[in-house]
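Note on naming: letters A, B, ... go to the chains in the order of the sequence lines (proteins, then strands), and numbering restarts at 1 for each one.
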Number of protein chains: 4
Amino acid sequence: MFELDLRSRKPIYEQLVDKMKQLIINGVLKKDEQLPSVRALAQQLSINPNTIQKAYRELEMLGFIYSLKGKGSFVNQLSTQNNSEELKIIKEKLKKTLTEALFLGISLEEINDLMDEANRGIKRGEDND
Amino acid sequence: MFELDLRSRKPIYEQLVDKMKQLIINGVLKKDEQLPSVRALAQQLSINPNTIQKAYRELEMLGFIYSLKGKGSFVNQLSTQNNSEELKIIKEKLKKTLTEALFLGISLEEINDLMDEANRGIKRGEDND
Amino acid sequence: MFELDLRSRKPIYEQLVDKMKQLIINGVLKKDEQLPSVRALAQQLSINPNTIQKAYRELEMLGFIYSLKGKGSFVNQLSTQNNSEELKIIKEKLKKTLTEALFLGISLEEINDLMDEANRGIKRGEDND
Amino acid sequence: MFELDLRSRKPIYEQLVDKMKQLIINGVLKKDEQLPSVRALAQQLSINPNTIQKAYRELEMLGFIYSLKGKGSFVNQLSTQNNSEELKIIKEKLKKTLTEALFLGISLEEINDLMDEANRGIKRGEDND
DNA sequence: GTGGTCTAGACCACC
DNA sequence: GTGGTCTAGACCACG
């Protein structure tokens, strides 16, 4: 389920954060669904529990999940509290990536295809339960 | 001209690499144009020359610039050696960013606007000399 | 084990890169085998850790090793991503060296002997684990 | 006639040395033939005369040319004073290159082809005048 | 413990 | 003057 690249220069916990974000964004993990426990996931992936812990903490800070003491971690309702700051950041990033893609010769058509794929992949919060 | 975030978790030299890439991609720095010298830029940004040097070295390995001992560092002719590997990576990244943007509620219209901006910003190699 | 020539015009870190490449190519260092730590090797060779680091970084960019923060540096699986560019370079170099050898009076027989030695010395990836 | 790569990381004077060696080895420059003067060559290649000077000095040290004060520089008779030291070095280098080539998957057949090419390219001293 | 980044300051090679 | 290498020593991030 999680494919981590232990050889990557990107820290494992960051990879985990990204994977989780993807799973939530793609609707695989739905609102209020419980995440695997730190220890369970650590064992499953055979990595240090501290690493999982760190990833969960970051996801919480980003507003993707919330944690209940003694209960576990759960998926948050998103796309509501999107402060404009986050939006600005992702827009900036998107523009930068688009520019680089165009510069490297990727055609507008290809980009539109990617956009369709992305659009199809989305499962927004309101559709989920 | 260069705004570095010394507090960022992203290493300074990497920020420099990104900035330079942007400047080259956007045509601000043109083919064979000389970059600021290692020492000069170091003084201007009040960071260590070795850090600049590291950034320049990386840019050289990435094919964005070339360095002549005793002469200086210069912008390379790009968009020629685009190996497919790079293309694949940027496409993947673009798709991921698009998905996240759409998920966060950015409309297709806004994205198209960004794409126009990006397209206008591009100055490709053949326009430069 | 490592014989460095501190007087040589070739930078120490480059000598290190070459030595390591040889050790990997000759199968002395096998796939996923851990390299000596930056600090350990630095002490053993009585050179600065930064120099080792630079060599390891270069080996990583060349695809010969991979590094895990907090874990160490390890030999990569090779002979898979041989892009044709590298092949062209080594062929050119080989032809030049052969020409020089022949010119200096080394016989075809001697060269064939060297080729046998080289061939025997090779330990390719598939033999290693 | 001389194609120098000003962008290369290899110093210009070293490139010059290599080119000259090739020209001598390939018999383009024959025994006792006069080399272009430092100033002429400098102008032709539009590089600094000091750089030419340095290259000639090195070629002289290597035994490829000799210089007569007030006369100029001339091609030496080679393949006679090949001390065994030089031979050992080139053999070592050849073996290393062969090993790397084989490791990278270049076939014995291809290497034999390169050897034929090299052999055909050679014009030894005794054939030259 | 590991690799990775950064600084301050020195020296070299090149042109 | 330029880029390039190296050292000594500090601090951080990761697991």
**OP:** Represent DNA chain F in dot-bracket notation, 5' to 3'. Only Watson-Crick or G-U wobble pairs with both distances under 3.5 Å count; pseudoknot-style crossings use [ ] and interstrand partners use |.
**Re:** ||||||||||||||.
Subject >> Between E:dC14 (P) and B:Leu68 (CG): distance, integer Å >> reply: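 Computing the B:Leu68:CG to E:dC14:P distance gives 14 Å.
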Original post:
Should we count CD of B:Glu14 as having more than 12 external heavy atoms under 6.0 Å?
Top reply: yes
Original post:
Between C:Tyr66 and C:Asp32, do the side chains contain an N or O donor and an N or O acceptor separated by less than 3.5 Å?
Top reply: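 Yes, a side-chain donor-acceptor pair sits under 3.5 Å.
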**OP:** Would you classify B:Asn48 as touching base, sugar-phosphate or nothing, given that sugar-phosphate means primed atoms plus P, OP1 and OP2, and contacts are heavy atoms under 4.0 Å?
**Re:**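 Contact class for B:Asn48: base.
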**OP:** Scan D:Ile47 against the nucleic acid and name what it touches under 4.0 Å (heavy atoms): base, sugar-phosphate only, or nothing.
**Re:** nothing
Original post:
Can you list the steps and then say if D:Met61 with D:Arg57 is a side-chain contact (heavy atoms from CB on, under 4.5 Å)?
Top reply: CA-CA 6 Å; D:Met61 277 180 43; D:Arg57 221 183 306 131; 5.7 Å; no
Subject >> C:Pro36 vs B:Pro49, nearer the 5' end of DNA chain E by closest nucleotide >> reply: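 Going by which nucleotide is closer to the 5' end, it is C:Pro36.
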Original post:
Taking only side-chain nitrogens and oxygens of D:Tyr13, does any of them come within less than 4.0 Å of OP1 or OP2 of E:dC15?
Top reply: no
Original post:
Of C:Lys54 and B:Arg9, whose nearest nucleotide on DNA chain F comes first from the 5' end?
Top reply: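 Final value for this comparison: C:Lys54.
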Subject >> Toward the 5' end of DNA chain F, by each residue's nearest nucleotide, B:Arg39 or C:Lys10 >> reply: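 With C:Lys10 and B:Arg39 compared, the 5'-side residue is B:Arg39.
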**OP:** Look at the side chain of C:Gln22 and the backbone N and O of D:Glu100, then say whether any donor-acceptor pair between them is shorter than 3.5 Å.
**Re:**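 Flag not set: sc C:Gln22 to bb D:Glu100 has no pair under 3.5 Å.
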**OP:** Would you sort out whether A:Glu3 and A:Lys19 count as a salt bridge (charged side-chain N to carboxylate O under 4.0 Å, His left out), showing the intermediate values?
**Re:** CA-CA 9 Å; A:Glu3 295 171 13; A:Lys19 287 283 180 200; 5.3 Å; no
Original post:
Hey, where on DNA chain F does chain B first and last touch, going 5' to 3'? Cut-off is any atom under 4.0 Å from a heavy atom.
Top reply: F:dG1 to F:dC14
Original post:
Under 4.5 Å between any side-chain heavy atoms of C:Lys96 and D:Thr97, yes or no?
Top reply: no
Subject >> Residues D:Asp18 and D:Lys10 bridged, charged N to O under 4.0 Å >> reply: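 Here D:Asp18 pairs with D:Lys10 in a salt bridge, since their nearest N and O are under 4.0 Å apart.
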**OP:** Would you check, one step at a time, whether the test side-chain contact (heavy atoms from CB on, under 4.5 Å) holds for D:Leu41 with D:Ile47?
**Re:** CA-CA 8 Å; D:Leu41 193 52; D:Ile47 59 179; over 6 Å; no
